[in-house]
There are 2 protein chains.
Amino acid sequence: MPDLNFSVLRFVPREGGYARGQEGFELILKTAVSVLVEHGYKDMTLRRIAKECGMKAGNISYYFKSKDDLVRALLQAISGSYEAAISEATAGAGADPESKLTQLISFILQDGTTRQTSYLFPELWSLANHDPFAKQCVDELYLREHRRFDEIIGELNPALSADDRSILSTFILSSIEGIGVFAGYGKYWQDAMPQLQATACRCFLEFVKSAKPGVDGTLSASKLELKP
Amino acid sequence: MPDLNFSVLRFVPREGGYARGQEGFELILKTAVSVLVEHGYKDMTLRRIAKECGMKAGNISYYFKSKDDLVRALLQAISGSYEAAISEATAGAGADPESKLTQLISFILQDGTTRQTSYLFPELWSLANHDPFAKQCVDELYLREHRRFDEIIGELNPALSADDRSILSTFILSSIEGIGVFAGYGKYWQDAMPQLQATACRCFLEFVKSAKPGVDGTLSASKLELKP
DNA sequence: CTATATTTTTGACATATGTCAAGAATTGCA
DNA sequence: TGCAATTCTTGACATATGTCAAAAATATAG
């Protein structure tokens, strides 16, 4: 009984087969995400997924030749779904770059308040630390978000160099994602999310607008005295 | 062969027993952290820990009556070690609240560049999502850091209300932790950490100093138009 | 409807895991 | 040194896991 609240998973198309085959294929992946979210990767066993699918474990081996294969398809589907979500989130934004930035920040933070995202990403980060393919999927996912920030920051402050823009994008994106860890679904500071959202929008918008070209070099030079 | 680079784990004292018993006890916990970091919780099995300890699996059952027990002791030891680290990091700071803030931020970010911390925390976050005891340990760990930020921000901007201070502390702390996810050990933006560190110090220091009392209420009121 | 292609179950396999009891080995005190 | 308390190994157990082959069930084209 998977109940995913982010946009439907994006599946790599299945070659040949009956309609029922495609259903089973997608059901397995959707259920696998659900199990991953609800119980963590440690307890994401083939038998558990199969039981929640209403099928037997052996049938999963028919669709995926190994568990590793299933996990790969899973990661690709997740990455693809967030790609679609980010596109949608930034598509309807007006010409105003300020509202584009606040809209993107707000979208990511709102998404972080869902159980789905809040529980899923620590699993992805953990997987990425021990599996190169998972790392690649996560990196690509964040690179796409990074690119969106980069574009918007370029509009907001055209005087900045590409390097400065990139640092700012990384800074803002990672900060925003960190907020989800502390104020996401079920987290200790969950109730503060609305204020955090507003604070983040104000703080980062101001910072981007007031950033001066050469900031990057300046900061690099001053890094030595800042280290403990 | 555990090689932990944060301050030595803090163990709950062992009642009675020989010196060798204390050694074995600590060795198991240190090795368990090492396995957790290197292979993830999924592969942190008693036999693996035992092998790396140079002992047999059965012996772990002598020290810990169940794996759950071992994990609890582990989480407490980790939480305690970071408590000590944070105390040390902020102890030697001069009277200047500005350098206190940059020093604290820099310490946390520097710590995030270690394999230890960078690989450990996603495991802790994942555990916390599925185990109340783990959640409690992680919450306490971050509450202590939050308290340090709160104190420093109070010195930097005494006009702020307790609520405003708390929101700012949560905002900065979570942002900083997020940077570790993106630019920590082995991460995609690892090379940008020095610039991110400088950027974070500048951005947050300015933001705290320029924050006006009542910020909290203002932000709360404006949150509606910011939501997507 | 029939025949073929596809999906699913069944049942087993090798291996891995947490746990435990009994006995051997070690430690440290008298 | 002797002896009791402690530590450690051995070997087993029940259960769980990923995988697979063969048979059964289902779907679809002709």
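In this text the structure is predicted, and so the values were computed from the model without any measurement.
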Margin query: Using the side chain to side chain contact (heavy atoms under 4.5 Å, CB included) definition, which of the options B:Tyr119, B:Tyr185, B:Phe121 pairs with A:Asn129?
Written below: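 Going through B:Tyr119, B:Tyr185, B:Phe121 one by one, the side chain to side chain contact (heavy atoms under 4.5 Å, CB included) with A:Asn129 is satisfied by B:Tyr119 alone.
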* Tell me yes or no: between the side chains of B:Tyr82 and B:Thr117, is some donor less than 3.5 Å from an acceptor? => yes
| Just checking, is any N or O donor in the side chain of B:Ser169 or B:Arg148 under 3.5 Å from an acceptor N or O on the other one? |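 Looking only at side-chain atoms, B:Arg148 and B:Ser169 do not form any donor-acceptor pair under 3.5 Å.
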For A:Phe171 together with A:Phe149, are the ring centres under 6.0 Å from each other?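 Between A:Phe171 and A:Phe149, which both carry aromatic rings, the centre distance is not below 6.0 Å.
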[X] [atom1] to [N] [atom2]: how many Å, rounded?
X: A:Phe25; N: C:dT6; atom1: CZ; atom2: P; result: 16 Å
X: B:Tyr62; N: D:dT10; atom1: OH; atom2: P; result: 18 Å
X: B:Leu27; N: D:dT7; atom1: CG; atom2: P; result: 14 Å
X: B:Met55; N: C:dA24; atom1: CE; atom2: C1'; result: 17 Å
X: A:Ile60; N: C:dT6; atom1: CD1; atom2: C1'; result: 18 Å
X: A:Glu23; N: C:dT6; atom1: CD; atom2: C1'; result: 14 Å

For nucleotides 17-30 of chain D, 5' to 3', base contacts (B), sugar-phosphate-only contacts (S) and non-contacts (-) with protein non-hydrogen atoms under 4.0 Å give BBBB-----SBS--
Practice item. Can you run down the salt bridge (charged side-chain N to carboxylate O under 4.0 Å, His left out) pairs that involve residues 165-178 of chain B, sequence neighbours left out, and say none if there aren't any? Key: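 Those involving residues 165-178 of chain B are B:Asp150-B:Arg165.
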Assess whether atom OH of B:Tyr188 is packed by more than 12 heavy atoms of other residues, nucleotides or ligands within 6.0 Å. no
query = So, is B:Tyr63 near the phosphate of D:dC8, with a side-chain N or O under 4.0 Å from OP1 or OP2?
reply = yes
